[in-house]
Amino acid sequence: MPMSQLCPILIVNLLFLLSSKAASFPPGSRSILRELSNSNAVKADYAVDLNVTNFDAVLRDTPAAFAIVEFFAHWCPACRNYKPLYERVARLFNGPDAVHPGIVLMTRVDCALKINNKLCDRFSVSHYPMLFWGPPSKFVSGSWEPKKEKSEILVIDDGRTAERLLNWINKQLGSSYGLDDEKFENEHLPSNISDPGQIARAVYDVEEATTIAFEIIVEHKMIRSETRALLIKFLQLLVAHHPSKRCRKGSAEVLVNFDDLCPLDEKQEIVSNGKSVLGNFQICGKEVPRGYWMFCRGSKNDTRGFSCGLWVLLHSLSVRIEDAESQFAFTAICDFIHNFFICQECRQHFYHMCSSVNSPFNTSRDFALWLWNAHNLVNERLMREEASLGTGDPMFPKIIWPPKQLCSSCSHSHGRKNDGTNRIDWDTDEVYKFLTNYYGKTLASLYKDSSLLGSEAIDGAIEDLVASTNAVVVPVGAALAIALASCAFGALACYWRSQQKSRKPRRKAELR
């Protein structure tokens with residue numbers, strides 16, 4: 001028999017065999033057979049199906065800022081026609097390939113199922129489909145009544161098409177999302193960058209970066225008579241505003257004992273470049289772990305790590321200062337990078353950005369936003385270089401910060417400039433709000449729950465790090481008081497040492 005005639009017969013026999021044996025298969029196997037035999041299988045829905053058994057749990061656990069709940073009936077023709085329209089919008093926010101994840105959780109509840117009768121009654125569902133909007137927590141054990149005033153749960157009264165529903169969402173968020181939006185290239189992020197809670201782990205990285213920075217200064221004998229005062233200035237900033245308590249303490253000890261650790265000779269030159277004494281001093285304590293890089297760990301040994309930890313430190317300092325300290329912090333950081341950062345090209349680029357500032361900073365907001373913009377300029381430059389040379393970390397590509405996952409309200413639109421670089425319409429008020437929360441409160445506050453550290457937690461460090469959150473909890477003015485107090489204490493200590501030195505010869509003379 002020719003092969004062209006044999007193939008159809010074999011296919012028919014195979015289908016017959018499958019259909020005759022399907023009844024003996026367990027239910028799960030039959031569903032697999034249906035999927036194999038159905039070449040037009042429908043993809044899974046983007047909207048999450050809820051019922052009375054999982055309604056509260058799903059809405060309680062979602063990281064999304066807002067939720068939409070659609071109450072419908074499966075037998076309703078209007079609901080069936082509305083489903084693909086609702087799914088077009090849900091595609092933007094739900095699922096592993098969401099374009100704008102973590103912002104809105106889109107769900108649905110089938111009121112035609114008896115199990116959901118009481119749930120639908122709780123929200124006074126009067127027609128199908130009926131859509132509600134609100135913070136997820138307000139839906140948990142919550143309800144809605146037509147005559148109830150000042151409810152945080154709102155009825156979406158203008159969402160009968162995908163375009164109108166998305167327009168309604170945009171008005172609530174102040175955003176400009178479109179139905180044709182696709183993932184922005186910088187939004188394909190690993191979980192430890194797209195998850196805002198992960199920044200809490202960076203406190204350890206900031207400690208290690210601080211330790212390494214001072215080790216480099218000592219090893220390369222970078223403390224000279226002309227740079228000595230610049231290092232003292234940066235230490236004063238760390239004493240007042242470093243996010244780690246033990247680094248603040250260590251910086252204060254170095255500052256108080258700086259004359260002994262880095263003495264000057266008669267010619268006002270550094271004795272031994274400070275290496276003999278300062279090299280044995282641990283600025284953040286001996287307990288600082290090395291090589292862990294919890295938040296700043298790259299997928300390759302030569303990526304991220306120290307530079308990432310140093311950037312987190314600088315951002316953390318920028319959101320902790322007072323307005324009156326903004327210019328001081330700017331010059332202290334610029335001088336530190338220019339004189340003590342070992343990468344010559346990097347410090348030249350940073351110095352160029354510092355030199356381009358024409359007027360002094362009057363507010364901490366302006367300085368924090370300048371540093372944020374400078375970091376993005378650095379990332380844009382490195383993106384181009386790493387793309388051409390293939391030297392970047394494939395798991396952690398350089399990105400424009402912050403991405404949509406971390407701050408949906410920070411930017412309104414994305415595009416390309418004529419030179420191929422990114423064009424983003426930023427809302428600087430929202431960016432500053434994000435920076436102060438992300439590098440301020442979130443950076444330290446999550447350490448109050450040591451379970452968040454998982455198996456990588458370092459024994460004995462939690463208590464100290466929790467205490468470091470005082471730098472955020474207390475009024476910001478207290479930071480300036482800390483700095484002044486440390487200076488006063490240093491002056492008192494210097495005076496006491498000089499008095500002790502002057503007394504020693506007299507005591508020896510008396511003994512004779």
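No more than 12 heavy-atom neighbours from other residues, nucleotides or ligands sit within 6.0 angstrom of NZ on Lys249. Residue Asp61 places its CG atom among more than 12 non-hydrogen atoms of other residues, nucleotides or ligands, all under 6.0 Å distant.
Taking the side chain as every heavy atom from C-beta outward, Ile400 and Met383 approach each other to under 4.5 Å. The side-chain heavy atoms of Ile212 and Leu310, taken from C-beta on, include no pair separated by under 4.5 Å. A heavy-atom distance below 4.5 Å is found between the side chains of Leu237 and Ile321. For the pair Phe336 and Leu230, the minimum side-chain heavy-atom distance is 4.5 Å or more. Between Val104 and Leu92 the shortest side-chain heavy-atom distance does not fall below 4.5 Å. Taking the side chain as every heavy atom from C-beta outward, Ser318 and Ser316 never approach each other to under 4.5 Å. Within the 4.5 Å cutoff, no side-chain heavy atoms of Val254 are placed close to those of Phe214. With contacts defined as side-chain heavy-atom distances shorter than 4.5 Å, the pair Phe306/Ile216 qualifies.
The aromatic rings of Tyr438 and Phe434 lie parallel to each other, their planes meeting at an angle below 30°, with 60° marking the opposite boundary.
Of the inter-residue distances, the one linking Asn339 atom CG with Ile223 atom CD1 reads 11.5 Å to the nearest 0.5 angstrom. Rounding to the nearest 0.5 Å gives a distance of 9.5 Å between CG of Leu377 and CZ of Arg381. Taking SG from Cys247 and CD from Glu208, the interatomic distance works out to 11.0 Å, rounded to the nearest 0.5 Å. Rounded to the nearest 0.5 angstrom, Lys233 NZ and Thr331 OG1 are separated by 2.5 Å. To the nearest 0.5 Å, atoms OG1 (Thr227) and CE (Met222) are separated by 8.0 Å. Atom CD of Glu207 sits about 11.0 Å away from atom CG of Leu313, to the nearest 0.5 Å.
Applying the side-chain hydrogen bond (donor to acceptor under 3.5 Å, both in side chains) rule to Ser141 yields the partners Asp56; only residues at least two apart in sequence or on another chain are considered. Under the rule for a side-chain contact (heavy atoms from CB on, under 4.5 Å), the partners of Val58 that lie at least two apart in sequence or sit in another chain are Leu50, Asn54, Leu105. Residues passing the ring pair (Phe, Tyr, Trp, His ring centres under 6.0 Å) test with Tyr432, sequence neighbours excluded: none. In terms of the ring pair (Phe, Tyr, Trp, His ring centres under 6.0 Å) criterion, Phe328 has no residue partners (sequence neighbours excluded). Annotation: ring pair (Phe, Tyr, Trp, His ring centres under 6.0 Å) contacts of His220 (sequence neighbours excluded): none. In this structure Thr210 satisfies the side-chain hydrogen bond (donor to acceptor under 3.5 Å, both in side chains) test together with His242, sequence neighbours excluded. In this structure Lys138 satisfies the side-chain contact (heavy atoms from CB on, under 4.5 Å) test together with Pro135, Glu152, Ile153, sequence neighbours excluded. Under the side-chain hydrogen bond (donor to acceptor under 3.5 Å, both in side chains) criterion, Gln327 pairs with no residue at all, not counting sequence neighbours.
The two residues Ala209 and Gly309 make their nearest non-hydrogen contact at CB-C, 3.6 Å. Between Met106 and Ala90, the closest heavy-atom pair is SD-CA, 3.3 Å. Of all non-hydrogen atoms in Val140 and Arg60, the two that sit nearest each other are CG2-N, 3.7 Å. Closest approach of Ile103 and Ser408 over heavy atoms only: CD1-CB, 3.2 Å. Considering every non-hydrogen atom in both Leu238 and Arg248, the closest pair reads O-CG, 3.6 Å. Residues Arg320 and Pro243 share a closest heavy-atom pair of NH2-CB, 3.6 Å.
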Take Thr107 and Phe139 through the test side chain to side chain contact (heavy atoms under 4.5 Å, CB included) and record every step on the way to the result. CA-CA 12 Å; Thr107 67; Phe139 285 97; over 6 Å; no
Could you walk me through whether Ser251 and Phe234 pass the side chain to side chain contact (heavy atoms under 4.5 Å, CB included) check? CA-CA 10 Å; Ser251 300; Phe234 188 71; over 6 Å; no
Under the side chain to side chain contact (heavy atoms under 4.5 Å, CB included) rule, what do Leu231 and Phe258 come out as? Steps first, then yes or no, please. CA-CA 10 Å; Leu231 183 59; Phe258 201 83; 4.0 Å; yes
Mind listing the side-chain donor-acceptor pairs of residues 360-375 below 3.5 Å, one per line with the distance, residues two or more places apart or on another chain?
residue	atom	partner	partner atom	Å
Thr363	OG1	Asp366	N	3.1
Thr363	OG1	Asp366	OD2	3.1
Ser364	OG	Asp323	OD1	3.1
Arg365	NH2	Thr428	OG1	3.4
Arg365	NH2	Asp429	OD1	2.7
Trp372	NE1	Trp401	O	2.7
His375	ND1	His315	NE2	2.8

Can you give the donor-acceptor pairs under 3.5 Å from side chains of residues 168-175 to other protein atoms, not counting sequence neighbours?
residue	atom	partner	partner atom	Å
Asn170	OD1	Ser175	OG	2.7
Asn170	OD1	Tyr177	N	3.0
Asn170	ND2	Leu166	O	3.4
Asn170	ND2	Tyr177	O	2.9

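Sequence neighbours left out, not one pair with a member in residues 362-402 passes disulfide bond (SG atoms under 2.5 Å apart). Annotation: side-chain hydrogen bond (donor to acceptor under 3.5 Å, both in side chains) contacts involving residues 343-356, sequence neighbours excluded, are absent.
Proximity of a side-chain donor or acceptor of Ser244 to a complementary backbone N or O of Val206 within less than 3.5 Å is not detected. Ser411 places no side-chain N or O within donor-acceptor distance of the main-chain N or O of Asp427, the cut-off being under 3.5 Å.
The existence of a salt bridge linking Asp181 and Arg91 is excluded, since no basic side-chain nitrogen approaches an acidic carboxylate oxygen closer than 4.0 Å.
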